[in-house]
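Everything on this sheet refers to the single structure shown next.
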Amino acid sequence: MQFWIEKESMWPLLPSMKILPASLFLFQALILVAKPDFSQAEKQAAGHGREALAATSPEISVCDLEKYVSLLASPEYEGRGTGAKGERMATAYLAEFYKGLSFLPAGEAGTFFQPYQVADGKEKDGENTLRFSIPGPIGISREIPAGKDLEPVSFSTSGEVKPAPAIFAGYGIQADGYDSFHGLEPKGKWLLLLRGSPKDRPELKRFSPLAEKAKDAKKLGAVGILYVNAAHPDVSMEVVPANIDVGGGSDIIPAFTISDNLASTLLTGESEGPAFKQLAKEHFEGGMVRSFPLSCQFSAKVSLKTRQLDTRNVLARLQMGDTPSCQAIIIGSHVDHVGFGDKGGSRAKGEDAKKIHPGADDNASGVAAVMEIAQYFAALKEAGKLHLERDILFAGWTGEEMGLHGSKYYTDHTAKGEGKDKTLYPAISSYINLDMVGRLRKQPLLVQATGSSHAWGKLLDGITPGLDTRRVRTPYLPTDSTSFYNAGVPVLSVFTGTHDDYHTPGDTPDKIDYTGLAKIATYAQLIAEATANLGAPPDFAKVDRNPPKVIIGIQMDDTGSDAGVKVLEVVPDSPAAKAGIQNSDIITFLDGKEVKSIDSLQTILRTMKADKEYPLKVSRDGKVEELKVTPKKR
């Protein structure tokens, strides 16, 4: 499909500027709020922790799990947003629960807490205004303060931007045959950009985030950006406050989100004109790209400062001997969620984006499972029936939804040594993560990051999970296990997958598969016990982050003896399936080259081309089978 600029019916460029709605010029008061006092809420939540112990049993049970999830995902806990009251309650609840199990506090200053601060977007710190002016006989000039129709973006640079011309440049994307700037020069100009990407161009979706568009605009020499929602179905909030961190990691370029009414006025002269809606619709449907200069200039003042939130991890130690063991394993989950949709991002639309996001699956389910495992081990220890070679640390991380902040703070501040010699392993010999484990139902449980240690394959083979599992080798995951892997610690992470309720108010306790959650908790408990009793800590294995460009379609594991790669599962209708590869086959040769391990298999795959046939040898029931496989493009 070709994309083009319509020349015959150019959009009106403010030919008859109408009076802007009065709401555009109202200042929104900046209220300075003292640091919140959550002490009463914490006391209440600590009481919930004591009640939880009194009302539950030592066994891993459906009933207990439902109690934990229902409380953590209740309206009272307000979606557990990082640094907010609900999260403060959740951490107090968890700490009191571990205290009641007689676990040792493993936080700071003899407590169960590890406090730290996390940046939470920005807050306005002075004047934040946008001024537009139309030169010539009309001579209109208006100044719009931050508020209802305009807000600076969290990655916006602060300072004053001198008057500069502006262009409307659609989605602001230049890639894959799509050019929002065709025939226009963005250098030295303000850009008015649509948020999101065209619906029928999935390959462009990676350019949708505001920060990605800002980085590209900066490279092109733009002086500032105005983002407009234009009713894009993938965009929730129309005007995004600066306190919501929309990514970027650092200041990029002066930028504002503006309301559809303001954008329509700037583009067409009408605050709610059909011309603006039609323009947005044509871009979304991807049929054409309309980009054009505006007949006005923009200038701005931006004054922002970083907002810091006080938050804390929860850490408790199950100590097996009279003194802490030299090595320990950690089993953990993140306690936080996105609050009212403002602590990590909502996928909800309209007013739903501002409602409580309960986070029953993400991640009350993981917290509940870890609590049950802790209670199970505590009861065994009290009865003298628990025998572990290593202590177990139970962790509740915060700030996960905003960027894995809690787990990263722990790994950074617990590692020993200096510079390149700084290490966490083997004092922490492994980490087991539970994140979003509440929607099992009929799908397999994903056991992720198995490539982080050569020991995982044999260990997992020795455990009967009681449920269908699929192993995923990559350790590069959007969850807390990645913080530990990056710190050189072998990791595993279990996960039941995303769903339509993810990061919306619809992630409620009634939708959790509690029977499946109990099975997962039991499986994780078996993994933790086996890991704690390994004769030597699992070795750390580096996994190449850049996979081969072709695939054959198998789940695999090392044999552990440099004798090939074991096929755990063949993906239906994949090249492997068409080649006749079967579950439990051992791949020994590919393209005439010996396969000793997953690493060597991937090295061979990197030399291969898609849609070309290659010889393959597998060992099956003690016999060598010669096959042919045709890889396909990843």
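All residue numbers in this chain count up from 1 along the given sequence. Side-chain atoms are counted along with the backbone in the values below, which use heavy atoms only and exclude waters and symmetry mates.
Listed by first and then second residue, the salt bridge (charged side-chain N to carboxylate O under 4.0 Å, His left out) pairs involving residues 486-501 are Arg439-Asp501, Asp501-Lys511 (not counting sequence neighbours). For residues 564-576, every residue pair satisfying the side-chain hydrogen bond (donor to acceptor under 3.5 Å, both in side chains) rule, not counting sequence neighbours, is listed here: Arg470-Glu569.
A distance-only check finds no donor-acceptor pair linking the side chain of Asp585 to the backbone of Arg620 [under 3.5 Å]. In this structure, the side chain of Trp397 does not engage the main chain of Asp336 through any donor-acceptor pair within 3.5 Å. At distances below 3.5 Å, at least one donor-acceptor pair connects side-chain atoms of Thr607 with backbone N or O atoms of Ile604. In this structure, Asn486 contributes its side chain and Thr482 its backbone to a donor-acceptor pair below 3.5 Å. Looking at Arg195, its side chain never comes within 3.5 Å of a backbone N or O of Leu210 through a donor-acceptor pair. Listed for the Asn363 side chain is a donor-acceptor partner under 3.5 Å among the backbone atoms of Met436. A donor-acceptor distance shorter than 3.5 angstrom exists from the side chain of Lys213 to the backbone of Tyr171, with no hydrogens or angles considered. Thr464 contributes no side-chain N or O that, together with a main-chain N or O of Gly466, makes up a donor-acceptor pair within less than 3.5 Å. At distances below 3.5 Å, at least one donor-acceptor pair connects side-chain atoms of Thr603 with backbone N or O atoms of Asp599.
Taking the six-membered ring where tryptophan is involved, the planes of Tyr410 and Phe484 are tilted, since the angle between them lies from 30° to 60°. Between His413 and Tyr409, the ring planes lie parallel to each other; the angle is under 30°, not in the 30° to 60° tilted range.
Side-chain contact annotation: Asp362 with His334, donor-acceptor N/O pair under 3.5 Å present. Under the 3.5 Å distance criterion, with hydrogens and angles disregarded, no donor-acceptor pair is assigned to the side chains of Asn433 and Ser481. Residues His454 and Asp539 have side chains that bring a donor and an acceptor to within less than 3.5 angstrom of each other.
Legend: residues meeting side chain to side chain contact (heavy atoms under 4.5 Å, CB included) with Thr398, ordered by chain and number and at least two apart, are Glu87, Thr91, Tyr116, Thr311, Asn313. By the side chain to side chain contact (heavy atoms under 4.5 Å, CB included) test, Lys519 pairs with Leu467, Thr515, sequence neighbours left out. In this structure Lys628 satisfies the side chain to side chain contact (heavy atoms under 4.5 Å, CB included) test together with Glu613, sequence neighbours excluded. For Tyr476, the ring-ring contact (aromatic ring centres under 6.0 Å, His included) partners two or more places apart in sequence, or in a different chain, are Tyr485.
Looking at Arg347 and His357, their side chains never come closer than 4.5 Å, going by heavy atoms from C-beta outward. A 4.5 Å side-chain heavy-atom check between Tyr523 and Val447 finds at least one atom pair inside the cut-off. Asp216 places none of its side-chain heavy atoms less than 4.5 Å from the side chain of Gln174. Looking at heavy atoms from C-beta onward, Phe589 lies out of side-chain contact with Glu626 at the 4.5 angstrom threshold. Residues Ile244 and Ser154 form no side-chain contact, since every pair of their non-hydrogen atoms from C-beta on lies 4.5 Å or further apart. A heavy-atom distance below 4.5 Å is not found between the side chains of Phe207 and Ser197. Counting heavy atoms from C-beta outward, Phe394 and Ile331 have side chains that approach closer than 4.5 Å. Lys199 is listed as a side-chain neighbour of Glu285, based on a closest heavy-atom distance under 4.5 Å.
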Legend entry - side-chain contact (heavy atoms from CB on, under 4.5 Å) evaluation trace for Lys578 with Lys632: CA-CA 12 Å; Lys578 293 173 182 177; Lys632 69 177 183 179; over 6 Å; no

Inset, instruction - Begin from the C-alpha positions of Ser291 and Ser180 and carry the test side-chain hydrogen bond (donor to acceptor under 3.5 Å, both in side chains) through to its verdict. - result: CA-CA 6 Å; Ser291 298; Ser180 295; 5.5 Å; no

Inset, instruction - For Leu590 and Val629, run side-chain contact (heavy atoms from CB on, under 4.5 Å): C-alpha distance rounded to whole Å, both residues' side-chain angles, the deciding distance at 0.1 Å, then the answer. - result: CA-CA 9 Å; Leu590 177 59; Val629 65; 3.9 Å; yes

Inset, instruction - Report the C-alpha separation of Lys442 and Asp468 in whole Å, then their side-chain angles, then the decisive distance to 0.1 Å, and conclude whether the salt bridge (charged side-chain N to carboxylate O under 4.0 Å, His left out) test is met. - result: CA-CA 9 Å; Lys442 295 181 180 180; Asp468 187 16; over 6 Å; no

Inset, instruction - Step by step, work out the side-chain contact (heavy atoms from CB on, under 4.5 Å) result for Leu459 and Thr531. - result: CA-CA 8 Å; Leu459 183 143; Thr531 305; 3.7 Å; yes

Legend entry - Criterion side-chain contact (heavy atoms from CB on, under 4.5 Å) on Asn583 and Val570, from CA distance to verdict: CA-CA 6 Å; Asn583 293 352; Val570 178; 3.6 Å; yes

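Checking Ile552, Asp557, Ile554 one by one against Val567, the side-chain contact (heavy atoms from CB on, under 4.5 Å) holds for a single residue, Ile554.
The distance from atom CD1 of Ile329 to atom CG of Leu534, rounded to the nearest 0.5 Å, is 9.0 Å. For the atom pair Lys218 NZ and Phe155 CZ, the distance stands at 11.0 Å (nearest 0.5 Å). Remark: Thr82 OG1 to Asp120 CG distance equals 8.0 Å, nearest 0.5 Å. Summarising the geometry, atom OG1 belonging to Thr257 is positioned 9.5 Å from atom OH belonging to Tyr227; distances are rounded to the nearest 0.5 Å. Summarising the geometry, atom OG1 belonging to Thr630 is positioned 8.5 Å from atom CE belonging to Met608; distances are rounded to the nearest 0.5 Å. The OG atom of Ser493 sits 5.0 Å away from the CD atom of Gln448 when rounded to the nearest 0.5 Å.
Between Pro490 and Pro538, the shortest heavy-atom distance links the atoms CG-O, 3.4 Å. Heavy atoms only, all atoms of each residue included: Ser600 and Glu594 are closest at OG-O, 4.4 Å. Contact between Gly497 and Asp361 at its shortest, heavy atoms only, is O-OD2, 4.2 Å. Taking every heavy atom of both residues into account, Leu460 and Arg471 meet most closely at CB-NH2, 3.5 Å. The shortest non-hydrogen separation linking Thr157 to Pro254 is OG1-CD, 3.1 Å. Minimum heavy-atom separation, Glu400 to Thr479: OE2-CA, 3.5 Å.
In summary, Arg606 and Asp591 do not engage in a salt bridge, as defined by a charged side-chain N under 4.0 Å from a carboxylate O. Ion pairing between Arg201 and Glu203 holds under the 4.0 Å rule for side-chain N and carboxylate O.
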